[in-house]
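Take a look at the structure below.
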Amino acid sequence: FLLRHQSEASPFERALIRWTGSLIDGNLDGQAKALAEALDYSPGNDVLMYLLADVKISQEDYAEGARVIRPAVESGWSFQPASLLLGYGLFHSGEFSQCRKVLESSLKLETVLPETFAYLAALAARDGDANQSETYASEFVRLSKSQGDPPDTAFSILAEDFQFIGLHEPASVYFTKALQLNPTKGEYYLGLAGSLLDLGDLDRASEAAEKARTLGSTSFQMHRLLGRLAEQKHDTAAALTHYAACLASDSVTLRSREIRSRVSDLLRK
């Protein structure tokens, strides 16, 4: 029906036609608007809720993404990726306890995606369940390997999830494991440097950051890290230079807000 002339289509079909056009154009705002309109004509449609939640999370509107997909999951939909999407939104919104409940409940569903176990490993560690965390981490690595992913990638994903939740000691261990398997990845050194910096190990953080720079890392994250290191060394000029580089590459997404806040604080000193 998407190929029918729009004048012959129902309002619901026209909303889906607009969504298809926005999908082809890569217009996330257009996709979200069209899917929300389609949901008005088909409330409770699990697939539409999943698609809209996915768009919201792609826009870094994690709380809204979780709100949209939650009714589909709570209705008993046996599609595990929907539970993982809800977990992703909750995790990145800081709703860690609720995230663990949702993801552990989804383990009884068919075809559980590997990433589920990576999040659960970090969440269990946060709750002090060290043995359960190790079990989840091992299962994630096993499943990742079974689907052909490189082992270093699995360890780096675990490291990033632990790092996000503020568990920098195990995050640094997982980044180190990833680097042992693939020592040419600047992103791994960058992640390791970030966790070491948060642990207060300025010397090792500087060494890891230099490794990342040597390997050609010039990303937003690289300049953010170098700016934080410069702040710790009380080098305000260098910090501002790196933060300016961050904002030159990205001045609109959520992560840029932190940089603008840091710049404001430095300029007030």
Side-chain angles (χ1 to χ4, degrees), residues 60 91-94 96 118-119 121-128 130 133-134 137 141 150-251 253-269:
E60 298 183 342
F91 187 87
H92 288 274
S93 300
F96 300 128
Y119 286 120
L123 292 165
R126 174 184 176 272
D127 292 338
S133 176
E134 181 58 34
V141 172
D152 61 287
T153 301
F155 286 126
S156 74
I157 290 172
L158 284 167
E160 289 168 1
D161 288 347
F162 276 74
Q163 186 178 64
F164 181 86
I165 216 165
L167 300 176
H168 294 288
E169 186 65 44
S172 66
V173 171
Y174 282 122
F175 275 126
T176 299
K177 288 183 177 182
L179 282 165
Q180 288 169 347
L181 293 166
N182 188 349
T184 64
K185 275 273 197 174
E187 293 89 346
Y188 299 168
Y189 281 109
L190 189 57
L192 176 60
S195 280
L196 291 172
L197 179 57
D198 280 309
L199 288 169
D201 194 338
L202 191 60
D203 291 339
R204 289 178 63 207
S206 297
E207 290 175 9
E210 186 56 36
K211 271 282 191 180
R213 184 159 29 184
T214 300
L215 290 168
S217 181
T218 58
S219 64
F220 178 101
Q221 292 88 342
M222 179 81 251
H223 285 292
R224 175 181 177 273
L225 176 68
L226 291 173
R228 290 181 62 208
L229 280 167
E231 281 194 71
Q232 291 295 315
K233 296 175 182 178
H234 307 290
D235 189 343
T236 300
L240 288 171
T241 297
H242 288 297
Y243 292 150
C246 286
L247 295 174
S249 66
D250 179 1
S251 61
T253 63
L254 289 176
R255 64 183 184 176
S256 69
R257 293 181 186 175
E258 178 208 348
I259 301 303
R260 289 196 294 271
S261 176
R262 286 183 176 274
V263 168
S264 296
D265 289 344
L266 287 171
L267 292 175
R268 283 197 295 266
K269 290 181 180 178

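Values below: every heavy atom of this structure, side chains too, minus hydrogens, waters and symmetry copies. It should be emphasised that the depicted structure is a prediction, and the values quoted were computed from it without experimental measurement. In this chain, numbering begins with 1 at the start of the sequence shown.
- Counting heavy atoms from C-beta on, the side chains of H242 and D235 never come closer than 4.5 Å.
- Looking at N182 and P150, their side chains never come closer than 4.5 Å, going by heavy atoms from C-beta outward.
- Taking the ring centre of F220 as origin, the terminal cationic atom of R255 falls inside the region bounded by 6.0 Å and 45° from the ring axis.
- Pairing each heavy atom of L215 with each of K185, the nearest pair is CD1-C, 4.1 Å.
- No donor-acceptor distance shorter than 3.5 angstrom exists from the side chain of S261 to the backbone of R257, with no hydrogens or angles considered.
- Among all heavy-atom pairs drawn from S156 and A178, the shortest one is N-CB, 4.0 Å.
- Using a 30° and 60° split on the angle between ring planes, Y174 and F162 fall in the tilted class, from 30° to 60°.
- For the pair S195 (side chain) and L192 (backbone), a donor-acceptor distance under 3.5 Å is absent.
- L167 places a side-chain heavy atom less than 4.5 Å from the side chain of R126.
- In this structure a side-chain-to-backbone donor-acceptor pair under 3.5 Å is present from R260 to S251.
- Between the side chains of Y188 and D152, at least one donor-acceptor pair of N or O atoms lies under 3.5 Å.
- Looking at E187 and F175, their side chains never come closer than 4.5 Å, going by heavy atoms from C-beta outward.
- In this structure, R204 places its CZ atom where only 12 or fewer heavy-atom neighbours from other residues, nucleotides or ligands lie under 6.0 Å away.
- Going from atom CG of L229 over to atom CG of L196 covers 10.0 Å, rounded to the nearest 0.5 Å.
- Below 30°, between 30° and 60°, or above 60°: for F164 and H92 the angle between ring planes is between 30° and 60°, a tilted geometry.
- Between P151 and V141, the closest side-chain pair of non-hydrogen atoms is not below 4.5 Å.
- The shortest heavy-atom contact between A209 and A193 is N-CB, 3.7 Å.
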Walk me through it: do S219 and L190 pass the test side chain to side chain contact (heavy atoms under 4.5 Å, CB included)?
CA-CA 10 Å; S219 64; L190 189 57; 3.9 Å; yes
May I have the step-by-step check of side chain to side chain contact (heavy atoms under 4.5 Å, CB included) for L199 and E169, ending in yes or no?
CA-CA 7 Å; L199 288 169; E169 186 65 44; 3.7 Å; yes
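- A pairwise comparison of heavy atoms in H168 and D198 identifies CE1-OD2, 3.3 Å as the closest pair.
- Of the possible donor and acceptor atoms, one in the side chain of Q163 sits under 3.5 Å from a partner among the backbone N and O of G191.
- To the nearest 0.5 Å, the span separating CD1 on I259 from CG on L240 amounts to 11.0 Å.
- In this structure, L158 and K177 have side chains that are not in contact, with every pair of non-hydrogen atoms separated by 4.5 Å or more.
- For the pair L226 and T241, the minimum side-chain heavy-atom distance is 4.5 Å or more.
- Screening R224, E231, E258, H223 against Y243 for a side chain to side chain donor-acceptor pair (under 3.5 Å) leaves a single residue, E231.
- A212 approaches G186 most closely through the heavy-atom pair CB-O, 3.6 Å.
- With a 4.5 Å cut-off on side-chain heavy atoms, F91 and I165 count as touching.
- Rounded to the nearest 0.5 angstrom, D201 CG and S206 OG are separated by 9.0 Å.
- With respect to the salt-bridge test (charged N to carboxylate O, under 4.0 angstrom), the residues R262 and D265 do not qualify.
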